[in-house]
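These figures come from a predicted structure and were not determined experimentally.
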Amino acid sequence: MITGACWRCVLLSFFFLRGSAQNFAQTRFICTSVPVDMDMCTSSMQNSGPTEDLKTTILQLRETVIQQKETIMNQKDTIRDLTGKLARCEGQPIQEIPSNEPKLGTPGSRKKETGTTKNTMGDLSRTPTAETLTQLGQTLQSLKTRLENLEQYSRGNASAQATSLKDLLQTKIDDLEKQVLSRVNNLEEGKVNVKNETELRGKIESALTSLQQRITDLEKGQKESRPADKFQLTFPLRTNYMYAKVKKSLPEMYAFTVCMWLKSNASPGVGTPFSYAVPGQANELVLIEWGNNPMEILINDKVAKLPFVINDGKWHHICIAWTTRDGVWEAYQDGVLRGNGENLAPYHPIKHQGVLVIGQEQDTLGGGFDATQAFVGELAHFNMWDRKLTVGEVYNLATCSNKALTGNVISWAETNIEIFGGATKWTFDACRQIN
């Protein structure tokens with residue numbers, strides 16, 4: 001005879017088995033008679049033989065139920081997180097899933113991990129309004145610099161008409177600066193009207209466009225009278241689309257010297273002044289200062305750290321010389337030897353039929369730019385030779401000696417350079433910067 005306790009255990013086993021039928025479809029039910037005054041479940045634990053199967057089944061069922069409960073709770077947490085993310089994307093309030101667990105944002109709840117997105121514009125702020133103001137400020141500064149260059153260039157042959165036009169442009173720049181300053185003050189006081197903001201930004205952008213066009217026309221007017229190498233390239237923002245490309249490729253070289261003038265105050269890292277990629281090797285020849293690392297020269301993916309300090313907002317002349325024999329290299333800053341070494345890609349010739357890009361690091365031939373590695377600043381007089389220059393020759397370049405050489409592989413001339421993506425080009429004379 002099966003007692004009431006026995007029936008309760010059997011029924012309990014039935015419900016457990018019903019909840020996990022997919023795992024225990026072949027389980028047998030075994031009933032054992034026990035005295036009335038003895039607990040059936042305790043007795044079954046003491047018996048051997050078939051009773052052991054029931055014991056094992058009950059334990060397995062118990063573990064299964066616990067695991068399923070944990071799975072359900074984890075799924076609820078996941079659903080709540082996903083619902084929150086979706087609501088934020090749609091701008092809707094979060095609809096919580098009913099749960100006995102503490103809700104997100106309340107004491108005792110599990111904190112949701114948050115990530116950060118990469119800012120591909122580098123130095124710009126993440127907020128749209130601050131980003132707009134930063135861009136306007138940088139554009140105004142760029143225009144002022146170009147205007148000063150025009151003024152400096154025309155001092156020797158100024159006319160009443162030129163002076164009048166210069167004054168008009170300077171007045172327009174001053175007015176634009178006042179408008180930007182007013183916009184900043186309104187932001188700080190919290191007096192922002194969306195409609196007025198849009199109208200003001202439209203007026204400022206329209207005025208800037210007109211001003212840029214007039215200055216560009218003036219610069220075009222002096223191109224015929226200025227020397228072909230008296231210009232500079234400017235990369236005002238850390239982007240993946242501003243760059244310049246040298247029209248000719250490099251020959252196969254067993255030695256080289258590359259020199260240039262640089263000016264930058266970008267941090268961290270000035271970026272990539274130039275990169276040369278060939279089929280099958282994107283890092284055939286690269287000069288880069290990325291993040292908090294020192295400036296490096298890469299040849300066939302082999303690296304040497306250079307002792308340059310140039311991100312102080314001043315013009316600096318740098319040269320790197322290298323020969324394939326023993327991989328010997330030398331680094332010059334402002335005409336002075338600052339460092340040297342060897343075993344940099346020894347006996348590897350620089351390959352030909354590549355692409356030489358100024359201002360970006362190439363991950364593929366002629367492309368694959370990464371904004372975080374872009375050059376920010378100004379660059380001029382990029383020259384390259386197929387041999388190591390002497391100490392005296394480098395010094396002549398850095399001091400603007402009349403004995404200074406021009407590159408026999410790449411020479412700095414407007415006809416040799418193509419610019420893309422908004423990088424600007426205007427009159428520049430390095431010797432005036434140091435004299």
Side-chain angles (χ1 to χ4, degrees), residues 116-143 145-146 201 204-206 208-213 215-216 219-220 231-249 260 262-279 281-291 295 298 311 354-380 382 410 412 414-426 428:
T116 56
T117 57
K118 183 170 74 171
N119 179 10
T120 60
M121 293 304 292
D123 299 332
L124 297 183
S125 170
R126 297 179 188 276
T127 60
T129 303
E131 179 177 333
T132 301
L133 291 174
T134 301
Q135 289 176 332
L136 287 174
Q138 290 172 335
T139 303
L140 286 171
Q141 184 59 44
S142 174
L143 291 175
T145 302
R146 294 168 70 180
R201 187 170 63 182
I204 293 176
E205 289 178 351
S206 176
L208 285 174
T209 300
S210 175
L211 187 57
Q212 281 181 318
Q213 185 59 49
I215 291 180
T216 299
E219 290 172 338
K220 287 181 179 178
F231 74 99
Q232 70 177 48
L233 299 179
T234 297
F235 306 89
L237 302 175
R238 204 182 290 277
T239 73
N240 61 357
Y241 53 83
M242 286 187 182
Y243 68 101
K245 184 168 69 172
V246 179
K247 293 181 180 180
K248 62 182 294 187
S249 180
M260 70 202 79
L262 290 176
K263 178 183 178 182
S264 179
N265 59 0
S267 179
V270 303
T272 308
F274 79 91
S275 64
Y276 177 67
V278 297
Q281 177 53 278
N283 295 328
E284 182 68 5
L285 177 58
V286 181
L287 181 65
I288 184 171
E289 184 181 80
W290 188 27
M295 184 166 281
L298 283 74
N311 63 336
V355 176
L356 180 57
V357 169
I358 296 175
Q360 295 285 352
E361 194 273 335
Q362 304 173 66
D363 286 337
T364 60
L365 187 64
F369 304 146
D370 182 345
T372 63
Q373 298 175 327
F375 175 68
V376 179
E378 300 167 47
L379 184 149
F382 182 94
I410 300 293
W412 187 246
E414 290 192 67
T415 54
N416 293 339
I417 305 293
E418 292 180 285
I419 58 176
F420 301 89
T424 55
K425 179 196 303 183
W426 64 70
F428 169 78

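Of all non-hydrogen atoms in R238 and S267, the two that sit nearest each other are NH2-N, 4.2 Å. The minimum heavy-atom distance between S249 and G354, with the atom names listed, is OG-N, 2.8 Å.
Remark: of the listed residues N240, T239, T364, N240 is the sole one forming a side chain to side chain contact (heavy atoms under 4.5 Å, CB included) with F369. Tested against S275 for a side-chain hydrogen bond (donor to acceptor under 3.5 Å, both in side chains), the candidates E284, Q362, Q360 yield a single pass: Q362.
Separating the CD atom in E289 from the CG atom in N311 is a distance of 5.5 Å, to the nearest 0.5 Å. The distance from the OG1 atom of T272 to the CG atom of D370 is 9.0 Å, given to the nearest 0.5 Å. Rounding to the nearest 0.5 Å gives a distance of 10.0 Å between CG of L379 and CZ of F274. For the atom pair CG (L262) and CZ (F375), the distance works out to 5.0 Å, reported to the nearest 0.5 Å. Atoms CZ and CD, on F235 and E378 in that order, are 10.5 Å from each other to the nearest 0.5 Å. How far NZ of K247 is from OG1 of T415: 6.5 Å, rounded to the nearest 0.5 Å.
Using a 4.5 Å cut-off on side-chain heavy atoms (C-beta onward), L287 and M260 make contact. Contact annotation: the side chain of I417 never approaches that of F382 to less than 4.5 Å [non-hydrogen atoms, C-beta and beyond]. Using a 4.5 Å heavy-atom threshold, the side chains of L233 and I419 count as touching.
For N283, the side chain to side chain contact (heavy atoms under 4.5 Å, CB included) partners are Q281, V286, L298, D301, E361, not counting sequence neighbours.
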